[in-house]
Amino acid sequence: MSDRPFTFDIPLPGVIPTRYDHHITRRLSEMVGYYADEQAFAAALAEKDETLYEVYEIRRPERAGELLHGVSIVHPGKIGNEYFMTKGHFHAVLETAEVYYCLQGEGYMVMETPEGECVVQPLRPNTVLYVPPRWAHRSVNCSDESDLATFFVYPGNAGHNYGSVAERGFRKRVVERDGRPQIIDNPRWRS
Ligand SMILES: [Fe+2]
């Protein structure tokens with residue numbers, strides 16, 4: 001890992017960075033319990049263990065002062081009427097923020113605080129989203145055809161806390177109703 005300045009490109013379309021250190025793929029089988037419609041989930045998994053999203057990371061030392069960054073790509077698709085989405089997380093160091101820049105596609109960032117505030121922001125190409133400290137975040141692809149791609153940057157010491165989101169989900173879900181995305185209360189959310 002170099003401590004000299006460096007550059008790389010994010011070609012459009014395609015969005016796979018010309019430089020990265022780590023490529024993460026999240027498949028359906030790693031998302032057990034995340035989707036509301038468990039029957040639809042089981043049926044989809046029986047058919048194919050599809051890749052729902054991918055992350056290309058530029059690795060940096062995981063300490064304050066460093067900035068971790070990379071490209072996240074959520075593929076199009078649905079489980080039942082719920083759009084493909086990332087697991088979502090709080091940062092392990094809750095008081096750390098993140099910036100997202102939407103490169104292509106259309107979707108939403110679902111966010112909430114431990115205190116109960118909830119915000120769902122649309123993402124489209126060239127949207128910059130600031131996620132303040134304390135806000136959990138999950139990206140959702142609402143297109144039937146194209147990837148939702150974002151560039152992200154967050155502090156090196158932030159870490160990830162998937163636990164509480166994995167247990168109870170977010171307060172809001174994004175589903176398709178009458179051919180359009182709709183934000184609904186999560187019937188399974190527990191305080
Ligand atoms: Fe994050």
Side-chain angles (χ1 to χ4, degrees), residues 1 8 10 15-17 19-28 30-35 51-75 82-143 147-174 183 186 189:
M1 211 177 290
F8 59 91
I10 303 174
V15 303
I16 297 171
R19 169 194 176 132
Y20 60 89
D21 306 301
H22 194 212
H23 176 210
I24 300 160
T25 57
R26 282 271 189 258
R27 292 180 182 279
L28 205 50
E30 298 168 86
M31 300 284 288
V32 175
Y34 280 84
Y35 286 90
T51 297
L52 302 193
Y53 64 97
E54 304 179 56
V55 184
Y56 292 87
E57 288 182 332
I58 288 80
R59 282 220 159 132
R60 297 300 308 161
E62 294 185 4
R63 61 178 185 236
E66 288 283 354
L67 294 171
L68 303 182
H69 54 292
V71 171
S72 157
I73 302 171
V74 184
H75 297 302
E82 190 170 11
Y83 294 104
F84 281 6
M85 60 190 179
T86 62
K87 286 187 171 184
H89 57 263
F90 285 95
H91 289 162
V93 178
L94 202 54
E95 301 296 336
T96 51
E98 185 155 352
V99 169
Y100 282 85
Y101 177 67
C102 184
L103 300 161
Q104 70 177 39
E106 51 181 306
Y108 290 92
M109 190 73 77
V110 179
M111 295 165 282
E112 67 183 40
T113 66
E115 290 76 29
E117 280 183 281
C118 184
V119 170
V120 180
Q121 283 286 342
L123 294 173
R124 55 182 70 91
N126 304 320
T127 300
V128 177
L129 170 66
Y130 181 67
V131 182
R134 306 183 66 78
W135 287 79
H137 38 287
R138 155 184 289 168
S139 32
V140 181
N141 183 352
C142 293
S143 167
D147 290 337
L148 173 67
T150 51
F151 176 75
F152 60 82
V153 188
Y154 62 96
N157 63 325
H160 292 95
N161 172 10
Y162 295 98
S164 64
V165 169
E167 281 163 28
R168 67 185 192 185
F170 283 71
R171 287 169 173 81
K172 299 288 182 186
R173 290 184 179 273
V174 187
I183 296 155
N186 177 8
W189 193 86

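Predicted model only: the values in this text are computed from it and were never measured. Atoms within a ligand are numbered from 1 in the order they appear, just like the ligands themselves. Basis for what follows: all heavy atoms, side chains included, without hydrogens, waters or symmetry-related copies.
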Colleague: What are the protein N/O/S atoms, named by residue and atom, that sit under 2.8 Å from the Fe ion (ligand 1)?
Modeller: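 H89 NE2, H91 NE2, E98 OE1, H137 NE2, with waters left out.
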Colleague: Among V174, N186, I183, whose side chain to side chain contact (heavy atoms under 4.5 Å, CB included) with V110 holds?
Modeller: V174
Colleague: Do you know which two heavy atoms are closest between V165 and A136, and how far apart they sit?
Modeller: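 Result for this residue pair: CG2-CB, 4.5 Å.
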Colleague: List for me each residue that meets side-chain contact (heavy atoms from CB on, under 4.5 Å) alongside E62, sequence neighbours excluded, and say none if there are none.
Modeller: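 side-chain contact (heavy atoms from CB on, under 4.5 Å) list for E62, sorted by chain: L68.
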Colleague: Counting C-beta onward and ignoring hydrogens, is there a side-chain heavy-atom pair between W189 and R173 closer than 4.5 Å?
Modeller: no
Colleague: Test of understanding: with side chain to side chain donor-acceptor pair (under 3.5 Å), list the residues that count as partners of R19, not counting sequence neighbours.
Modeller: none
Colleague: For E167, which residues count as a side-chain contact (heavy atoms from CB on, under 4.5 Å) partner, sequence neighbours excluded?
Modeller: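 For E167, no residue satisfies side-chain contact (heavy atoms from CB on, under 4.5 Å) once neighbours in sequence are set aside.
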